[in-house]
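Letters go in sequence order (proteins before strands), and every chain restarts at 1.
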Amino acid sequence: MTEPLLRVENLKTQFFTETGTVRAVDGISFEVNEGEIVGLVGESGAGKSVASMSLMRLIDSPGEIVGGEITYNGETIFGLEEGPDGELREREDMLSPERMRREIRGNEIAVIFQDPMESLNPVFTVGGQLREFIELNRDLEGAAAKEEAIEMLREVGIPDPEERYEEYPHQFSGGMRQRVLIAMALACEPNLIIADEPTTALDVTVEGQILDLVDDLQEKYGTSFIWVTHDLGVVAEICDRVNVMYLGEIVEQAPVDELFYETSHPYTNALLNSMPRPDRTVDELEPIEGMMPEAINPPSGCRFHPRCPDAKEVCTRVHPDPKVVDTVDGDPHRSACLKRDAFDVGYDESPPIDAEPDVVAAAGSGAGGEDDE
Amino acid sequence: MRLLRYTIYRLVQSIPVLIGITLITFILANLAPGDPVQLMLHGQEVDEDLVRTVEERYGLDQPLHERYLNYMAGLVQGDFGHSIHRDRPVRDLMLDRIGPTLLLVLSAYVFAIVTSIPLGILAAKRRNEPADHISRIVALFGVSTPSFWIGIMLIVIFSVTLGVLPSSGLVYPWRTPADTSFFGYLAHFYDVLRHLLLPMIALGTLQMATLMRVERTQMINSLQGEYVKLARAYGVPERRVLRKHAFKPAQLPIITIIGLNLSTALGGAVLIEYVFNINGMGRLLIEAIQELDYQLIMGITIVIGFIFVIGVIITDISYAYIDPRVTYGEEE
Ligand code: SF4
């Protein structure tokens, strides 16, 4: 098997706040191969954005990557080793901050942020911002960089790019700004683009256009994507493989069709149940109350057990790490649910817990209005 | 082009404001107690004819609205009327005094801006570190201490105790020094600075303190902005993130505050001129009030009002220069 473009192993990112340590990302592992679109799915607060920013080592204080390993194209973006006194320290081959900035950010891994209204600087022209990123990340200067910028604006479907180049962000609609952000990412010719909820702020029609555009461009440039979203509908449309995140952990990992048809984790199921039918408009799953305190002190055992309809006594004690439950065309299907046979901890014999899992029922009906099966 | 149109637009817009200033000032000055002719006479008994002749000469016998129109007609030509008390044109009296005031206010602003912006940025960068705490204490002191008190303290420390800086008067940079050689000018310039230093700091501290805190808040907000995150994600060096991407959008409120604080600064200048014995408009105003010289009071009030309006216009234009979202009001 060839090496994946990006390999994340047991990544842990924590925030040290006054109320305690928030384990925003708590030991996730996944891979991204060349030319594929990998989904990172979950509710807001599940740690998706923190995970994706960790990949570029862009975690602001009080946050910090505290463990795990990130390997990109043979280079170590993050890695720890044991020092002489048993202390964990950064590995020697880990890229320096300066090399991260020069060689990885923009050049190799680019991002598209969620909010096209806030992501562009209001006081600089769109063209100027695009050109600055091109000059930083490509061997192009001055007029050549400008030409490339205009070319990219045209490529992402912005009409009259020569004129729009000189305009300011407030003169663009939301959809057009998102195209500009996509142009920025593509213009730097990275091998991996992290798209952090790039269509969430847009209305459904524009979202559809943007997804089509990304699909076309992805085919043309062969760029890999990590697509961060809370919307399984979007996942179904563009992703090859999917990671479902819950409370800082990946609970299910599978190729996209497998995930939809052979769903293995009750949380994924809940997400699917909250999905709108094709004739319905997009709706969000109800967010979890008091998310961050929970990440400070997550539930024991399986973190999903307070909301899980299938939870049994054993789930409150045993913490499941994702295990392979199936393999499709060489791709593993992993799941972190004790119900699966791969976990031999006596789920079937375990007594049910008394508490009514009404939270999930509320989430399911509140979002899609579907009846329980 | 955009800015030129905006400038014209703002100038036209300010005309009613300027007219309003003259109208209100005129009415207030004329409603105030005290008959100017009687004041001139210092209570001496004279015959009615003489009083009437004087009233006629100064147009005091006409109805109020006509006097206002006459006054405005004069204003348009730069004639602010005649100071009865000093028997000189108000315009000449003010021309003698406006230079020092402008010098004082502008230098106080330069001092405030040059110090507050780097200090504010530093406080934002070192948020909740010792540098930030020190800046907070300095700002608290600056905001809560009256400028004249700072002025007196500066005089006590630097003039009286240490004897290193002069405590009174200004040396005007526009005067030609006695020695016109290069070194003569250098010495002159040095003298100007030495005299300006204390009143400039006394008047500028309040502005400095305010601007520093606003700059800090703005930079903290801006540094948390999505556009800063984006710049970092594309490998923009940290120094450039700070100086360009975070800095420019953060300056908009600063500009507004600079403009609005002009009134505080002009008011403060009156006291500072008194403390430092500077022959500026502020002192002239106080003298005019003591002498009940209404014509002069009116002239100074109007000029200060105009300076304020012009200051606000300049602020708005600089704002439009930085913020492309400002439109001229009629477009789109
Ligand atoms: S381990 Fe138990 S609580 Fe967790 S998802 Fe599976 S059945 Fe639900």
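- For B/Y321, the OH atom is loosely surrounded, since the number of other residues' heavy atoms within 6.0 Å does not exceed 12.
- Against chain B, no residue from residues 149-163 of chain A qualifies, as none has a non-hydrogen atom under 4.5 angstrom away.
- Between B/Y227 and A/E118, every side-chain heavy-atom pair lies at or beyond the 4.5 Å cut-off.
- Among the residues in residues 104-111 of chain A, those with a non-hydrogen atom closer than 4.5 angstrom to a non-hydrogen atom of chain B are A/R105, A/G106, A/I109, A/A110, A/V111.
- When heavy atoms are compared at a cutoff of 4.5 Å, A/I194 does not approach chain B at all.
- Within 6.0 Å of the CZ atom in A/F16, the count of heavy atoms belonging to other residues, nucleotides or ligands exceeds 12.
- Nearest heavy atom pair, residue A/P122 against residue B/P324, reads O-CG, 3.2 Å.
- Residues of residues 115-130 of chain B placed with any heavy atom under 4.5 Å of a heavy atom in chain A are absent; none qualify.
- For residues 235-254 of chain B, heavy-atom neighbours of chain A at less than 4.5 Å comprise B/G235, B/V236, B/P237, B/R240, B/K244, B/H245, B/K248, B/P249, sorted by residue number.
- Here A/D196 contributes atom CG and B/E226 contributes atom CD; the two are 8.5 Å apart, rounded to the nearest 0.5 Å.
- For chain B, the option among A/P169, A/A185, A/C188 with the highest count of heavy-atom pairs below 4.5 Å is A/A185.
- The structure places CG of B/L230 at 9.5 Å from CG of A/N121, a figure rounded to the nearest 0.5 Å.
- Neither the backbone nor the side chain of A/M100 comes within contact range of chain B; no heavy atom of the residue lies under 4.5 Å from a heavy atom of that chain.
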Could you check B/R325 against A/Y168 for side-chain contact (heavy atoms from CB on, under 4.5 Å), going step by step and ending with a plain yes or no? CA-CA 8 Å; B/R325 287 164 296 191; A/Y168 289 91; over 6 Å; no

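- For the atom pair CE (A/M56) and OH (B/Y234), the distance works out to 7.5 Å, reported to the nearest 0.5 Å.
- For a residue to count as touching a neighbouring chain, one of its non-hydrogen atoms must lie under 4.5 Å from one of that chain's; by this rule A/E167 does not touch chain B.
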